> 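The structure under discussion is supplied below as structure tokens; questions concerning it will follow.
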Amino acid sequence: MNILLTGYTGNLGPAIAEALAVHRIYSLVRSMENAPAMPHVTCVPGRLEAIPDSLAADTEVIVHAAASTAFRAPLEELREANVEGTRSVLAFAERCPRLRKFVHVSTSCVSGTNEGRISEMRISRPAAFVNPYELTKWEAEELVLDAKLPAEIVRLSIVAGSECDGSVRRVGALHHMIYWLWKGLVPMMPGAPETPVDLISTEFAAAVIAAAVNAPLEQHRMIHGCAGSGAPQLGELLECLAANFATLSNAWTSGSIAPPALVDAETFAMFETSVRQSRDALFLRVCDDAGSFVPGLLHPRRYLTSRADAICPAARANWKNLTRLVTRHVIDSRS
């Protein structure tokens, strides 16, 4: 098949391309400098709002993976990237006479502040969103579902890194938090020990997207590329991180640095206020990084994954081993 892939130079782009190596891929890129060379990938200079019409005639599948994941960026900026960008790709899709499927890569975060079991289905607008990124990705999903196109949506949870070596092309909120925890600069976190933290590997994320491309079309199917029932609980994850840290630091081995206390939302808000009032540059940075990750811990949920399980035989990485590899990569890359 001829596939148009957006987001090739992003965090997941190369892994998606590798998982689709049996197909011919055309990748829309702004700069050739950051585009990995692969024999089955042809890079085409362009932007989402101006996809060359020359690609329309032969495009059979579109994988729209381009997005801004700057959680705390201004709403207008995120809307331009995530909503208007999706609108542009959908408009191009309508000009593709051979289009068989439009696969939209989304996020499990579209559930906003919803709690409990999250099904693989369209989500009515949540009562609130933790950050503007979540809102714009929900709005993008709505555009896809309202378009008269053969479309499916893959929602991914937190892509922690490679299950081979822990590496990640672009660090995210999770990686910042791991580093600050390692340095002992996060004395408390909101949430309960039993709160699920859904982590997946880069390879599994790409495998689910590739499976969606290759499976027969099921109009408006939602697929959760998530750990689901295999996701660790927050208390377990912190214990695992502490054990990993202890193999690398005498301060953790001796107990000079300890895992953060888990507190309620009000207590953490008071702590955050005191940090901001102190105007300490380092702690303000820690606080800002934490603000991209920890608020979601106040809304515990489990993602149902029956559709992903049905189409994707790839096994999810063992979360303890994945955490160990990612932890080592984060520390080594910032040492």
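What's counted below: heavy atoms across the whole structure, side chains too, no hydrogens, waters or symmetry copies. These numbers were taken from a predicted model, which means no experiment stands behind them.
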> Can you run down the ring-ring contact (aromatic ring centres under 6.0 Å, His included) pairs that involve residues 32-74, sequence neighbours left out, and say none if there aren't any?
His64-His104, Phe71-Tyr133
> If we ignore hydrogens and angles and just use 3.5 Å, is the side chain of Asp198 paired with the main-chain N or O of Gly228 as donor and acceptor?
yes
> Is the backbone N or O of Ser306 less than 3.5 Å from a side-chain atom of Glu120, with the two atoms forming a donor-acceptor pair by type?
yes
> Applying a strict under-4.5 Å side-chain criterion to I, L, V, M, F, W and Y, I'd like to know whether Val263 and Val197 cluster together.
yes
> With sequence neighbours excluded, tell me which residues meet ring pair (Phe, Tyr, Trp, His ring centres under 6.0 Å) with Phe293.
none
> Among Glu141, Arg221, Arg122, exactly one meets side chain to side chain contact (heavy atoms under 4.5 Å, CB included) together with Ile153. Which residue is that?
Glu141
> Can you see whether Asp264 engages Thr267 through a side-chain donor-acceptor pair at a distance of less than 3.5 angstrom?
yes
> Does the Thr136 side chain pair with the main chain of Asn82, one donor and one acceptor, at a distance under 3.5 Å?
no
> Let me see the working for Ile25 and Leu20 under side chain to side chain contact (heavy atoms under 4.5 Å, CB included), right down to the final yes or no.
CA-CA 8 Å; Ile25 295 177; Leu20 293 169; 3.8 Å; yes
> Pair Glu203, Ser162 - check side-chain hydrogen bond (donor to acceptor under 3.5 Å, both in side chains), show working.
CA-CA 6 Å; Glu203 290 83 357; Ser162 170; 2.6 Å; yes
> Just by distance, do the side chain of Thr6 and the backbone of Ala66 share a donor-acceptor pair under 3.5 Å?
yes
> Filter on ring-ring contact (aromatic ring centres under 6.0 Å, His included), then keep only pairs touching residues 194-249, sequence neighbours left out; what's left?
Trp182-Phe245, His224-Tyr303, Phe245-Trp252
> Where the side chain of Arg169 meets the backbone of Gly10, is there a donor-acceptor pair that is under 3.5 Å apart?
yes
> Determine whether a donor-acceptor pair (N or O, by modelled atom type, separation under 3.5 Å) exists between the side chain of Glu236 and the backbone of Gln233.
yes
> Can you see whether Trp180 has Arg334 sitting over its ring - NZ or CZ less than 6.0 Å from the centre and within 45° of the normal?
yes
> Run the side-chain hydrogen bond (donor to acceptor under 3.5 Å, both in side chains) check on Ser278 and Asp280 step by step: do they pass?
CA-CA 5 Å; Ser278 73; Asp280 181 280; 5.7 Å; no
